[in-house]
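Report on the following structure.
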Amino acid sequence: MVTGENRNRQCLQEPFVRSLSSYHFHGSSSPFDRRITCLEWHPTHPTTLAAATKGGDILMLNYTNPTKESFFQGNGAGDSIGGMKFCPTDFSKVYLASGEGTLTLKSFEGHPSTLLSRTGDCDHDYHNVCFRFRDLGNHQVSWVLFGSCRSQQRVPAGQCQLTGQTVTEHLEGEPAAVRTLLRRLKGCLGVFQAEAHHTGWIFSDKLHRAKVTHAEFNPRYDWLLATASVDHTVKLWDLRNLKDKKSFLYELPHEKAVNSAYFNPSDCSKLLTTDQNDQIRVYASCDWTKPQQIIQHPHRQFQHLTPIKATWHPIYDLIVAGRYPDDRICTGDEKTIDIFDSNSGELVFQLYDPVASGIKSVNKFSPRGDVIGSGMGVTLLLWDHDESLLGDGQKPQEEMPTSSGLSRGQRRSQQRSSRDRKGSAADAKLKKKLASLEETETKTKTGCTKQKPAQTKRKK
DNA sequence: AATTCATGCTGCC
DNA sequence: TGGCAGCCCTGAAT
């Protein structure tokens with residue numbers, strides 16, 4: 001099982017983990033008026049990333065080049081972005097799944113957006129939609145969207161009703177693969193719809209007993225689909241044999257609702273799940289029936305926090321997750337970004353900077369694995385070590401204010417007039433933050449406890 | 001310093 | 001199975 005390639009990776013992982021101690025807060029940007037829900041790194045450009053929010057705002061940012069920044073304002077309440085992916089055939093575009101029940105292809109270069117799918121009329125206000133991409137080869141891509149409709153009544157609450165839809169995009173030519181898939185799916189999924197540029201199916205059956213929070217294809221075996229749900233389970237499905245809600249391959253029961261289930265990018269044989277309380281689990285394909293690792297990690301659910309999802313490092317067997325301190329689990333914690341070794345389950349490093357003191361719900365390593373992008377409330381953060389980003393390595397934190405600052409003023413006033421939110425205080429605050437960063441920067445390194453329960457740290 | 005707002009999950013009827 | 005009260009208890013603006 002341990003291939004040469006694996007061994008190599010493991011040898012390199014150790015120096016990488018050591019290098020984490022030189023990581024620190026690089027900068028922040030907060031042009032948003034609602035919490036960040038999604039963060040995606042550009043597939044090839046190492047300093048470009050996109051972030052999306054609960055209000056449908058989208059930001060594409062190249063933090064080394066402030067002029068290369070695009071911001072798009074969403075529709076506000078309800079336009080929550082549940083999933084975002086760069087278009088695999090054109091990196092200047094992203095796919096967006098919105099709580100309004102739409103799937104759109106959005107261009108960052110001024111081209112008009114394409115509406116690919118809209119969930120049917122169902123007397124519900126919101127759809128919490130998430131989606132995942134699947135590559136069918138031959139220029140064919142397929143998306144699976146899942147959503148829970150929220151009934152109208154009062155704004156909060158509501159029973160969740162799951163809908164699912166597969167959208168296959170006809171990118172080019174006459175797609176034999178699409179027809180095959182169509183034949184496969186048509187028989188087992190309820191309503192069939194066909195439109196000009198896509199084909200969609202609505203599942204007639206619920207796949208879970210409650211909201212589906214996350215769905216993901218295995219990058220290697222594209223028929224393998226993982227779904228996570230608030231019904232306390234993760235389910236693995238074979239898309240080729242999807243008949244009804246009982247036709248899952250495996251059901252992975254959890255103690256609490258589950259926020260996410262990610263396959264590991266290095267060999268796609270493991271599944272990383274994050275529940276809504278204190279467990280991060282690692283499952284391995286050799287035995288899906290029980291977790292290989294249960295890591296205790298406080299990240300409980302709270303209504304006004306973006307759900308915390310642990311994610312993989314692109315190369316090494318490492319996991320990143322934001323900590324939401326919980327005295328019932330461990331006292332004296334800071335709101336750190338934690339990095340675990342997925343094989344041993346050990347906490348190998350914690351990132352923390354008092355300048356960015358909130359809970360970092362969303363954390364993702366860049367494709368090269370040398371930068372971490374974080375979503376802390378409405379603020380986008382970056383963590384790295386000096387050398388990787390800026391030639392002089394002198395005052396890297398100055399880079400971010402410029403990069404986001406240029407258009408932020410205009411943008412904010414736009415937002416304010418349209419929605420009357422997000423006052424200028426944010427700007428001042430950010431400036432204050434960044435000013436104070438200069439003093440605190442040296443403290444950063446020592447501010448991170450390297451050992452497990454971080455007991456030594458005083459609370460507040 | 002105190003208040004308001006945004007709006008998810010669970011258990012019970 | 002659907003509706004709703006009660007609870008989880010942050011972060012930013014006012």
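To find a chain, count down the sequence lines: A is the first, B the second, and so on, and within it residues start at 1.
The shortest distance between the side-chain N/O atoms of A/Lys335 and the OP1/OP2 oxygens of C/dG11 is below 4.0 Å. At least one side-chain nitrogen or oxygen of A/Gln276 sits closer than 4.0 Å to the OP1 or OP2 atom of B/dC9. For B/dC9, the OP1/OP2 oxygens have no side-chain nitrogen or oxygen of A/Arg300 closer than 4.0 Å.
Atom P of nucleotide C/dG11 and atom CG of A/Leu305 are separated by 6 Å, given to the nearest angstrom. For A/His299 and C/dC9, the NE2 to P distance is 14 Å, given to the nearest whole Å.
For A/Tyr324, the side-chain atoms get nearest to C/dT10 when compared with the rest of B/dT7, C/dC8, C/dT10. With B/dT7, C/dC9, C/dA12 as the candidates, the nucleotide lying closest to the side chain of A/Arg328 is C/dC9.
Contacts classified as salt bridge (Lys or Arg N to Asp or Glu O under 4.0 Å) and involving residues 21-31 of chain A (residues at least two apart or in different chains) are not found.
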So which protein nitrogen or oxygen atoms get under 3.5 Å of nucleotides 2-4 of chain B's nitrogens or oxygens?
none

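Comparing A/His304 and A/Lys256 by the nucleotide of DNA chain B that holds the closest heavy atom to each, the one mapping nearer the 5' end is A/His304.
Here A/Asp79 contributes atom CG and A/Arg34 contributes atom CZ; the two are 9.0 Å apart, rounded to the nearest 0.5 Å.
A/Arg35 comes within 4.0 angstrom of no nucleic acid atom, judged by non-hydrogen atoms across all strands. Here A/Gly377 lies out of heavy-atom contact (under 4.0 Å) with every strand.
Remark: A/Lys256 pairs with no residue by the salt bridge (charged side-chain N to carboxylate O under 4.0 Å, His left out) rule, at least two apart or across chains.
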